[in-house]
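In what follows, a structure is listed as structure tokens, so that the remarks can point back to it.
Since this is a predicted model, take the numbers as computed values, not measurements. Note that these values count all heavy atoms, side chains included, but never hydrogens, waters or copies made by symmetry.
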Amino acid sequence: SGEDFEQALLREISEETGLSIALQHVVGATEYELPTRKVAYLILEGHLDGGNVRLSDEHDEFAWVALKDLADMELVEQFAAFALRYRHE
């Protein structure tokens, strides 16, 4: 409550990773259908502004991946097609 979309996203990134990000622009969108609802994902590009990776308890690991290698990662279905397109843009 009281936060706009960008403020909430930047706060969540900081809480989950310890990183500060400068958001650039929307690079895509995708969706995924669950049995009782459809989930829409808005994908933004950002650049590291500072901080050191410190994962929250909700995460086990992380990896920095070069853009050229993004589509080679084992991604969930809803992000795999986007990663392949984004890599070639």
Side-chain angles (χ1 to χ4, degrees):
S1 180
E3 289 179 305
D4 64 24
F5 176 79
E6 185 173 329
Q7 290 171 324
L9 180 57
L10 293 173
R11 179 184 49 75
E12 283 292 323
I13 291 168
S14 178
E15 289 176 1
E16 297 293 325
T17 68
L19 299 175
S20 174
I21 301 294
L23 296 175
Q24 302 300 305
H25 54 273
V26 174
V27 294
T30 187
E31 61 187 25
Y32 188 71
E33 199 154 336
L34 296 169
T36 59
R37 65 186 146 181
K38 187 178 282 195
V39 179
Y41 299 93
L42 184 61
I43 304 166
L44 289 92
E45 184 174 274
H47 296 279
L48 181 62
D49 221 13
N52 294 306
V53 175
R54 174 194 39 78
L55 297 180
S56 73
D57 293 340
E58 298 175 27
H59 306 283
D60 296 324
E61 59 185 313
F62 78 98
W64 293 111
V65 179
L67 184 57
K68 68 179 182 58
D69 299 326
L70 183 61
D72 298 327
M73 298 295 296
E74 186 176 326
L75 301 173
V76 293
E77 175 186 335
Q78 59 267 40
F79 297 122
F82 167 79
L84 185 60
R85 285 191 312 273
Y86 186 66
R87 179 181 72 172
H88 294 296
E89 291 181 0

Does a side-chain heavy-atom distance below 4.5 Å link [X] with [Y]?
{"X": "I43", "Y": "V26", "result": "no"}
{"X": "V76", "Y": "Y32", "result": "no"}
{"X": "L75", "Y": "F82", "result": "no"}

Surrounding CG of D4 (heavy atoms of other residues, nucleotides or ligands, distance under 6.0 Å), is the total greater than 12?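 Counting neighbours around CG of D4, more than 12 heavy atoms of other residues, nucleotides or ligands fall under 6.0 Å, so yes.
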Counting only heavy atoms not in E77, do more than 12 fall under 6.0 Å of its CD?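 Atom CD in E77 is not crowded, with 12 or fewer foreign heavy atoms closer than 6.0 Å.
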As an exercise, state the distance from [atom1] of [X] to [atom2] of [Y], rounded to the nearest 0.5 Å.
{"X": "F5", "Y": "L44", "atom1": "CZ", "atom2": "CG", "value": "5.5 Å"}
{"X": "R87", "Y": "L70", "atom1": "CZ", "atom2": "CG", "value": "8.0 Å"}
{"X": "L10", "Y": "L19", "atom1": "CG", "atom2": "CG", "value": "11.5 Å"}

Transitive ILVMFWY side-chain link V27 to L23, under 4.5 Å: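 V27 and L23: separate clusters.
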Side-chain heavy atoms nearer than 4.5 Å, only ILVMFWY residues, links allowed to pass through others: does that put F79 and V39 together?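 Yes: a chain of side-chain contacts under 4.5 Å links F79 to V39.
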For a quick test of reading the model, state the closest non-hydrogen atom pair linking I13 to T17 and the distance between them.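 So the two residues come closest at O-OG1, 2.6 Å.
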E45 to H47 - nearest heavy-atom pair and separation: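 In terms of heavy atoms, the two residues are closest at OE2-NE2, 4.1 Å.
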Applying the side-chain contact (heavy atoms from CB on, under 4.5 Å) test to E16, which of R54, R11, H59 qualifies?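 So the option named by the test is H59.
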L9 backbone acceptor or donor facing E12 side chain under 3.5 Å: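 No, E12 side chain to L9 backbone: no donor-acceptor pair under 3.5 Å.
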Has the side chain of Q24 got a donor or acceptor atom that lies under 3.5 Å from a matching backbone atom of A22?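 It does hold such a pair.
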